Amino acid sequence: MTTRVRVRFAPSPTGDLHVGGARTALFNWLFARQHGGAFILRIEDTDQARLVGQSIQGIIEGLKWLGLEWDEGPDIGGPYGPYIQSQRLALYQEHARWLVEHGHAYYCFCTPERLERVRQEQRARGEPPGYDRHCRFLPPDEVQARLERGEAAVIRFKMPLEGETTIVDLLRGAITYENRLLQDLVLLKSDGFPTYHLANVVDDHYMEISHILRAEEWIPSAPLHAQLYRAFGWEMPVLCHLPLILSPDGKGKLSKRHGATGVLEFKRLGYLPEAMINYLALLGWAYDAEREIFSREELIQLFRLEEVNPHPARFNFDKLLWMNQYYINHVLSLDEFARRCVPFLQEAGLVGPEAEEPEHPTFAYVREVVALVKDRAKLLSEVPELTRFFFTEVEEYDPELLLQRKVEPETVLQGLERALAVLQEANFTDEADLEQRLRALAEELGLKTGQLFMPIRVAITGRTVSPGLFETLRVLGRERSLERLARAREKLAAHLATRAASASD
RNA sequence: GCCCCCAUCGUCUAGAGGCCCAGGACACCACCCUUUCAAGGUGGAGAUCGCGGGUUCGAAUCCCGCUGGGGGCACCA
């Protein structure tokens with residue numbers, strides 16, 4: 001029997017899409033694509049108290065940024081909709097009632113206060129906290145009377161009191177629980193909303209989900225789900241619990257206090273979705289002993305769910321950063337890199353909206369400029385700082401930066417003067433020509449190349465770290481280069497004069 | 001407290017009984033390249049495969065116990 005693969009990512013809209021959720025979504029997506037199945041986005045908004053407005057939008061934006069497109073979902077619909085649980089309430093209520101009528105569930109009138117008190121007493125006695133099944137054995141006519149009186153009630157599942165429940169996890173095999181240790185959990189809350197357990201099981205069934213890939217933290221509720229499937233007489237999908245992503249120090253799940261955790265935060269910080277996907281795929285899975293750079297398409301082809309390592313992995317920001325730089329340096333084309341730099345350059349006020357147009361000269365210039373930092377940027381967000389002097393005047397800098405250890409200040413000054421003269425003659429479209437002339441000049445002045453090039457670099461860029469000198473001169477062009485050189489010479493001359501004056505005082 | 005999962009360099013991992021006195025990557029160190037910074041190249045350091053018992057001619061690999069880490073125990077998901 002081959003059932004069509006249908007998987008789902010089912011976040012609850014309580015905040016941004018975080019990396020843990022993104023990894024779950026990724027594995028679901030890879031699995032669906034690899035099997036020619038469907039990847040479904042379902043929003044589990046059954047807790048109105050924890051709802052965060054706009055977070056559905058944020059989740060969708062995050063998934064889109066990662067390129068994890070879905071086949072059915074709240075925004076695009078599909079044959080099994082609606083895909084937002086708050087729009088399916090009647091279905092859950094109907095099924096909760098069905099369970100009561102068929103002896104699998106019961107009404108519970110216990111107040112939150114009573115439940116809390118019971119739990120406290122249990123804890124005090126060193127017992128595991130949980131519901132004491134007080135209402136499970138209420139006489140039917142009392143239940144009826146209280147319901148008619150309009151008393152607030154929830155519906156709880158009647159967990160079998162004896163025997164055991166075994167679930168089968170794709171990565172871990174059989175996991176067995178003793179039923180007597182399991183709880184009579186709430187399926188339908190007093191506000192008429194279902195809990196996760198009911199809504200999830202009902203939806204997975206009606207949406208014909210074939211494989212449930214979700215985080216490991218759900219293992220303990222799997223026996224309840226298995227019992228629900230049994231009570232309904234439904235076949236249970238294949239279960240696969242994905243290992244958790246732990247904080248870098250390994251102490252607990254990754255959370256906000258460990259730094260960026262929201263997928264869109266990573267976007268803002270200048271990470272590439274390709275790097276993010278690649279890194280996340282490798283958190284818990286590996287292709288072989290050597291290879292670790294994979295395109296989306298390669299992942300779809302090579303990924304094997306059964307090979308996922310069941311032990312939790314720590315999130316390593318260093319490795320992600322390395323991978324991001326690797327993608328910028330070695331994977332992205334120049335055009336692609338330039339295109340992605342544009343929003344960051346705009347944000348920094350260095351280019352206008354025209355830079356977005358591929359045919360516009362501004363984009364052509366951006367392309368030329370960022371080509372010089374493509375092999376040294378780790379994050380897209382660094383690009384504005386790395387290239388600022390190509391778009392604006394050189395920022396004010398300390399004239400001391402022009403000076404070289406072991407080189408007389410007068411010689412540096414002379415070097416700048418001579419460079420100005422030499423470059424006057426140069427062909428600025430020809431890096432080799434620029435290089436040749438400046439190397440010759442260094443030799444003429446009896447300086448090591450660095451001793452001449454560094455002052456020029458500072459003059460041109462205002463800093464001691466920059467892209468290659470000759471390519472920088474080329475992109476900057478004759479006019480701006482010579483002007484900056486001249487200004488640096490004046491600046492240094494003035495500086496040396498003041499220095500001499502204060503020294504003679 | 002109870003239940004469950006997991007266990008190879010600091011981290012992510014390869015390893016499915018002999019190919020492993022354990023391979024790769026990040027991070028770290030050194031050297032090379034070099035106009036700065038990167039990138040790249042070469043090399044180094046880093047794991048008695050958590051510990052203890054078995055099984056076997058042989059175990060990182062199989063079994064048991066222990067320990068450690070993580071998860072869960074809501075009218076949250």
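Values reported hereafter were calculated over all heavy atoms of this structure, with side chains retained and with hydrogens, waters and symmetry mates removed. Reminder, nothing fancy here: chain letters follow the sequence lines and each chain counts from 1. It should be emphasised that the depicted structure is a prediction, and the values quoted were computed from it without experimental measurement.
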Which one is paired to [N], where only Watson-Crick or G-U wobble pairs with both distances under 3.5 angstrom count?
N: B:U35; answer: none
N: B:A7; answer: B:U67
N: B:A22; answer: none
N: B:C28; answer: B:G44
N: B:A60; answer: none

_Looking only at side-chain N and O atoms, does A:Arg172 offer a donor or acceptor that is under 3.5 Å from a partner on A:His241?_
no
*Starting at the 5' end of RNA chain B and moving along, which residue's nearest nucleotide shows up first, A:Gly284 or A:Leu181?*
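Mapping each residue to its closest nucleotide by heavy atoms, the 5'-most match is A:Leu181.
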*Are A:Arg8 and A:Asp203 close enough for a salt bridge, meaning some N to O gap below 4.0 Å?*
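Between A:Asp203 and A:Arg8 there is no salt bridge, as every charged N stays at least 4.0 Å from the carboxylate O atoms.
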*Going by an N to O cut-off under 4.0 Å, is there a salt bridge joining A:Arg88 and A:Glu44?*
no
Of all residues at least two apart in sequence or in a different chain, which pass the side chain to side chain contact (heavy atoms under 4.5 Å, CB included) check with [X]?
X: A:Asp16; answer: none
X: A:Gln87; answer: A:Pro82, A:Ile84
X: A:Phe317; answer: A:Pro248, A:Phe266, A:Phe315

Any protein N or O atoms within reach of nucleotides 70-77 of chain B? Criterion: under 3.5 Å, listing atom names and distances.
unit_1	atom_1	unit_2	atom_2	d
B:G71	OP1	A:Lys253	N	3.2
B:G72	OP1	A:Lys253	NZ	2.9
B:C73	O2'	A:Pro129	O	3.2
B:C75	OP2	A:Arg156	NH2	3.2
B:C75	O2	A:Ser190	N	2.9
B:C75	O2	A:Ser190	OG	2.9
B:C75	N3	A:Ser190	OG	3.1
B:C75	N4	A:Cys110	O	3.2
B:C76	OP2	A:Lys189	NZ	3.0
B:C76	O2'	A:Asp47	OD2	3.0
B:C76	O2'	A:Arg50	NE	3.1
B:C76	O2'	A:Arg50	NH2	3.3
B:C76	O2	A:Arg50	NH1	3.4
B:A77	OP1	A:Thr46	OG1	2.8
B:A77	OP1	A:Lys189	NZ	2.7
B:A77	OP2	A:Tyr196	N	3.1
B:A77	O3'	A:Glu44	OE1	3.4
B:A77	O2'	A:Ser12	OG	3.1

If I take atom [atom1] in residue [X] and atom [atom2] in nucleotide [N], what distance separates them, rounded to the nearest angstrom?
X: A:His311; N: B:C6; atom1: NE2; atom2: P; value: 11 Å
X: A:Ile245; N: B:C6; atom1: CD1; atom2: P; value: 18 Å
X: A:Asn309; N: B:C12; atom1: CG; atom2: C1'; value: 10 Å
X: A:Arg474; N: B:U35; atom1: CZ; atom2: P; value: 18 Å

Contact list (N/O, under 3.5 angstrom) for nucleotides 28-34 of chain B vs protein:
none

*Select base, sugar-phosphate, or nothing to describe what A:Gln325 touches, counting heavy atoms under 4.0 Å on all strands.*
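Answer is sugar-phosphate: A:Gln325 comes under 4.0 Å of backbone atoms only.
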Every protein N/O lying under 3.5 Å from an N/O of nucleotides 65-68 of chain B:
none

_Aromatic contact, A:Tyr206 with A:His95 (centres under 6.0 Å)_ = yes
